[in-house]
Peer 1: 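Handing you a structure now.
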Amino acid sequence: MFTFSCPVSFSITCSSSNGNIQNHGDYRVNINVNGSSCTRRPIKHHTLLNEGVKEGSTSLSAIQFLENGHISEEKIRQRIPRQKQLVDPYRQGLITERGVGYRQTVVVRSYEVGPDKTATLESLLNLFQETALNHVWMSGLLSNGFGATHGMMRNNLIWVVSRMHVQVDHYPIWGEVIEIDTWVGASGKNGMRRDWVIRSQATGSTYARATSTWVMMNEQTRRLSKMPDEVRDEISPWFIQKQAINEAVPDKIVKLDDKAKHVNSDLKPKRSDLDMNQHVNNVKYVRWMLETIPDKFLERHQLSSIILEYRRECGSSEVVQSLCQPDEDESFANGVQQNLLTNKVLVGENGRLGSLDINVLTYGYTHLLQTQNEEIVRGRTRWNRKICTGL
């Protein structure tokens with residue numbers, strides 16, 4: 001059986017019925033991974049910072065004993081700060097934008113890339129989600145929820161994304177170091193906007209940008225909710241009047257019907273598709289959408305932008321249908337639909353990256369995920385032919 005040592009120092013004072021002190025000392029806690037047992041042995045004095053336990057204190061606010069005698073070590077292991085942090089050495093993150101933005105340095109891992117050794121769209125979306133959560137973590141506002149603040153937890157509220165727009169000029173490659181900036185702003189009266197920018201640390205080139213809109217949902221009733229004043233007071237000091245993608249009038253996505261050219265039915269969520277809010281994570285929807293596009297197209301093309309309009313959440317017991325339709329205004333060439341547009345792409349020149357405006361073939365698809373009776377999410381994607389960058 002594997003065990004780990006959780007080196008937590010705390011003071012315990014035990015008293016007999018006559019009030020005399022019987023034992024006083026600090027302990028190290030050893031907890032089995034499966035939680036089947038725990039042992040304690042005395043250690044030398046230390047101080048556990050940021051957890052409310054100080055040397056010589058009888059407070060056990062950070063150490064909670066359960067009825068079965070085990071120790072709840074969640075808060076100790078997470079070490080969620082209660083005050084604003086400026087630097088996070090573990091996540092390679094720091095606060096920017098005069099104290100309200102966040103930047104994280106990331107190395108592209110082997111499991112985040114596809115067959116061409118470039119990061120997948122799904123990996124980029126996961127990085128967006130992770131940096132957003134880490135931003136809240138650094139703010140000191142994070143409670144036990146999935147990015148929820150203390151005020152949200154008191155009102156049984158969770159965040160749900162209603163819209164997301166991602167533009168990708170260039171995909172990071174395996175082993176590359178990238179910097180991800182994220183910040184938040186107001187979106188109407190009851191929403192919040194979150195933006196991201198991904199840059200190459202080596203060249204400073206912007207690889208991708210994204211913007212999203214988030215609203216609150218009651219965790220118990222699963223209905224959308226207005227933003228309480230106490231939550232607005234928590235998050236509004238972090239708002240920035242800046243946008244990664246300027247969307248004066250966001251494009252509306254048309255609804256597909258059963259006559260769509262490509263249909264993938266009987267999609268069933270797996271347990272691994274669920275997140276901490278007990279519904280299918282929004283990143284999984286993108287996988288279902290893209291897998292409906294023909295494989296030959298995906299082999300020759302790379303996604304340059306995607307817009308997602310979320311309609312409702314998807315539970316673990318629902319059966320999902322994915323519909324996909326190529327743009328109507330496309331012409332046929334070599335059996336592949338295409339539309340000639342002007343677009344900005346990144347090209348390689350002597351091993352260096354730069355930007356160049358050229359005419360490239362851009363392809364468009366409209367997407368829909370739905371259950372038998374209701375829409376889950378509408379989507380629109382744009383694609384370019386894969387270009388060799390000499391990397």
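Here the structure is a predicted model, which means the values were calculated and not measured.
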Peer 1: Any donor-acceptor pair under 3.5 Å linking the side-chain atoms of R380 with those of T366?
Peer 2: yes
Peer 1: By side chain to side chain donor-acceptor pair (under 3.5 Å), which residues pair with W214, not counting sequence neighbours?
Peer 2: S212
Peer 1: With sequence neighbours excluded, give me every salt bridge (Lys or Arg N to Asp or Glu O under 4.0 Å) pair touching residues 128-144.
Peer 2: none
Peer 1: Checking side chain to side chain contact (heavy atoms under 4.5 Å, CB included) against T211, which of E247, Q243, M164 comes through?
Peer 2: E247
Peer 1: Give me the atom names and distance for the closest heavy-atom approach of V107 to G175.
Peer 2: CG1-O, 3.9 Å
Peer 1: Taking side chain to side chain donor-acceptor pair (under 3.5 Å) as the definition, give me every residue that meets it alongside K117, ordered by chain and number, with sequence neighbours left out.
Peer 2: none
Peer 1: Tell me every residue that passes ring pair (Phe, Tyr, Trp, His ring centres under 6.0 Å) with W238, counting only those two or more places apart in sequence or in another chain.
Peer 2: H135
Peer 1: Could you see if V87 belongs to whatever hydrophobic cluster contains W137? Use Ile, Leu, Val, Met, Phe, Trp, Tyr and a side-chain cutoff under 4.5 Å.
Peer 2: yes
Peer 1: Taking only residues two or more places apart in sequence, or in another chain, which ones meet D88 in a side chain to side chain donor-acceptor pair (under 3.5 Å)?
Peer 2: R91
Peer 1: Going by salt bridge (Lys or Arg N to Asp or Glu O under 4.0 Å), name the residues that satisfy it together with E374, two or more places apart in sequence or in a different chain.
Peer 2: R312
Peer 1: Mind listing the closest non-hydrogen atom pair of L274 and V280 along with its distance?
Peer 2: CD2-N, 3.7 Å
Peer 1: Has K84 got more than 12 heavy atoms of other residues, nucleotides or ligands less than 6.0 Å from its NZ?
Peer 2: yes
Peer 1: Once ring pair (Phe, Tyr, Trp, His ring centres under 6.0 Å) is applied, do any residues pair with H367, and if so which ones, sequence neighbours excluded?
Peer 2: none
Peer 1: Flag the pair P326 / Y363 as yes when at least one side-chain heavy-atom distance between them is below 4.5 Å, and no otherwise.
Peer 2: no
Peer 1: Name each donor-acceptor pair under 3.5 Å that joins a side chain in residues 262-270 to protein atoms two or more places apart or in another chain, with its distance.
Peer 2:
| residue | atom | partner | partner atom | Å |
| --- | --- | --- | --- | --- |
| S265 | OG | Q321 | NE2 | 3.2 |

Peer 1: Taking all atoms of both residues into account, what is the closest heavy-atom pair of I95 and Y102, and its distance?
Peer 2: CD1-CD1, 4.4 Å
Peer 1: So if I apply the side chain to side chain contact (heavy atoms under 4.5 Å, CB included) rule between V377 and each of V286, I253, L369, L368, which one comes out positive?
Peer 2: L369
Peer 1: Please name the pair of heavy atoms, one in S123 and one in E112, separated by the smallest distance, quoted to 0.1 Å.
Peer 2: OG-O, 2.8 Å
Peer 1: Give the minimum heavy-atom separation between F128 and A210, together with the two atoms involved.
Peer 2: CE1-CB, 3.7 Å
Peer 1: Determine, stepwise, if the pair E234 / T149 fulfils side-chain hydrogen bond (donor to acceptor under 3.5 Å, both in side chains).
Peer 2: CA-CA 8 Å; E234 283 180 319; T149 66; 2.6 Å; yes
Peer 1: Using the side chain to side chain donor-acceptor pair (under 3.5 Å) criterion, which residues pair with W183? Sequence neighbours excluded.
Peer 2: none
Peer 1: Kindly write out the residues that satisfy salt bridge (Lys or Arg N to Asp or Glu O under 4.0 Å) with R378, not counting sequence neighbours, or none if the list is empty.
Peer 2: E375
Peer 1: Please collect all salt bridge (Lys or Arg N to Asp or Glu O under 4.0 Å) contacts where either partner lies in residues 196-215, sequence neighbours excluded, each pair once.
Peer 2: D169-R209, D181-R199
Peer 1: For the residue pair M153 and A148, what are the closest heavy atoms and their distance?
Peer 2: SD-CB, 4.0 Å
Peer 1: For the residue pair Y310 and Y285, does the interplanar ring angle fall in the parallel (under 30°), tilted (30 to 60°) or perpendicular (over 60°) class?
Peer 2: tilted
Peer 1: Go through it in stages, so that I can follow the logic: the residues are N282 and Q129, the test is side-chain contact (heavy atoms from CB on, under 4.5 Å), and I'd like the CA-CA distance, side-chain angles, deciding distance and then a yes or no.
Peer 2: CA-CA 10 Å; N282 64 84; Q129 180 175 274; 3.9 Å; yes
Peer 1: Under the 4.5 Å side-chain heavy-atom rule for ILVMFWY, direct or indirect, which residues accompany I158?
Peer 2: V160, V215, M217, L224
Peer 1: Sort out for me which residue in R103, E97, R194 forms a side chain to side chain donor-acceptor pair (under 3.5 Å) with T182.
Peer 2: R194
Peer 1: How long is the span from the CG atom in L323 to the CG atom in D257, to the nearest 0.5 Å?
Peer 2: 8.0 Å
Peer 1: Hey, any chance V197 and I307 share a hydrophobic cluster, counting ILVMFWY side chains that come within less than 4.5 Å of each other, even indirectly?
Peer 2: no
Peer 1: Is D295 atom CG crowded by more than 12 heavy atoms from other residues, nucleotides or ligands, each under 6.0 Å away?
Peer 2: no
